[in-house]
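Below is one structure, written out as structure tokens, with a few remarks after it.
Every number for a ligand or one of its atoms is a count from 1 in the order of the listing.
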Amino acid sequence: MATTRKQPPHTLVIDIGGTGIKMITTDGEARPLTERARMLTPQPATPEAVLEVIRELIAGQPGSHARVSVGFPGVVRHGVVHTAPNLSTDDWRGFDLATALTDLTGHPTRAINDAELQGLGVIDGKGVEMVLTLGTGLGTGLYTDGVLVPNLELAHHPFEKRQTYEERVGNAERERVGNSKWRHRVLRALVIIDHVFNPDLIHLGGGNARKLDPEMLPADVRLFDNVEGLSGGVRLWQGVAGTAS
Ligand code: BGC
């Protein structure tokens, strides 16, 4: 008699961003089962308003899922939000995002920083790997042999000209100074990151990564797209060390 292997459950992956909220359903192997859906992040981006957008996006998702993974643009510890620099910051402090989404969806939910979730989808799991996402803000994730060092938050460290990395390479600055200047700043940031962390690989994603010239990037930099990153939502359920914090 043929034995049927139990398939890992489908996962609803949500990416909350400063500009857009994205959603996709994947199978147990992290293969996308739906198109990536996107709606604008509401303004002001309070927890209630963001959850309302998520509710609408879920209503439009075909098929079913049995668990939820969410990436959030700030520090998240044990499913609870600590910072949200690009959302309605004060309203999010102490908000139990994982529980709120479990209540909303009826499914177990894991919440983690947005860049860290994307990183789980693209890292090789060998050596020191740095993940950077260029979007509204600058997301960072650091992994050693696949183990996450949680909540690095390089975005708010000093970079140059008495400004932080995010102040220099975030989307508002890109719009202000233009792509050409912005690209050079990103390259300078990569040089510092290389010197400080000595990563074996830097994975570069986020909506603005496609505005870089791949020819200009150092050899240890690999570009990835959002859908690849969202597959990290499945890895989050595979007991990846470092993700429980
Ligand atoms: C936040 C990070 C986040 C990044 C990208 C930064 O402002 O501090 O936690 O990963 O934006 O959304």
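- Residue Asn113 approaches ligand 1 through these ligand atoms, each under 4.0 Å from one of its heavy atoms: 2 (C), 3 (C), 9 (O), 10 (O).
- Using modelled atom types and a 3.5 Å distance limit, the side chains of Arg77 and Asn151 yield no donor-acceptor pair.
- Considering Leu104, Thr102, Ile14, Thr99 as possible partners of Thr109, the one that fulfils the side chain to side chain contact (heavy atoms under 4.5 Å, CB included) test is Thr102.
- Taking the charged nitrogens against the carboxylate oxygens, Arg222 and Asp124 do have a contact shorter than 4.0 Å, which makes a salt bridge.
- Annotation: Lys211, atom NZ; neighbour count of heavy atoms from other residues, nucleotides and ligands within 6.0 Å is above 12.
- Shortest contact from atom 10 (O) of ligand 1 to any protein heavy atom: Asp114 OD1, 2.5 Å.
- Between Phe159 and Tyr165, the two ring planes are parallel [angle under 30°; tilted spans 30° to 60°].
- Inclusion of Glu153 in the set of residues having an N or O under 3.5 Å from an N or O of ligand 1 is warranted.
- Proximity of Thr136 to ligand 1, defined as any heavy-atom pair under 4.0 Å, is not found for any part of the residue.
- Protein heavy atom in closest approach to atom 11 (O) of ligand 1: Glu166 OE1, 3.4 Å.
- Residue Gly74 places a heavy atom less than 4.0 Å from ligand 1.
- Considering backbone and side-chain atoms alike, Thr133 places every N or O at 3.5 Å or more from each N or O of ligand 1.
- Judged by the shortest distance from any of its heavy atoms, Glu116 lies outside the 4.0 Å radius around the atoms of ligand 1.
- In this structure, a donor-acceptor pair under 3.5 Å is present between the side chains of Thr25 and Gln61.
- Contact atoms of ligand 1 toward Gly139: 4 (C), 5 (C), 10 (O) (distance under 4.0 Å to a heavy atom of the residue).
- Here is the list of ligand 1 atoms found below 4.0 Å of a heavy atom in Pro85: 1 (C), 7 (O), 8 (O).
- Contacts with ligand 1 closer than 4.0 Å are made by heavy atoms of both the backbone and the side chain of Pro73.
- Between Arg185 and Glu173 there is a salt bridge, since a side-chain N of the basic residue sits under 4.0 Å from a carboxylate O of the acidic one.
- Looking at Leu138 against ligand 1, only its backbone comes within 4.0 Å, counting heavy atoms.
- Neither side chain, Trp237 nor Thr11, offers a donor N or O lying under 3.5 Å from an acceptor on the other.
- Proximity to His156 (heavy-atom distance under 4.0 Å) selects the following atoms of ligand 1: 1 (C), 6 (C), 7 (O), 8 (O).
- The residue from Asn171, Asn179, Thr136 that alone fulfils the side-chain hydrogen bond (donor to acceptor under 3.5 Å, both in side chains) condition with Asn208 is Asn171.
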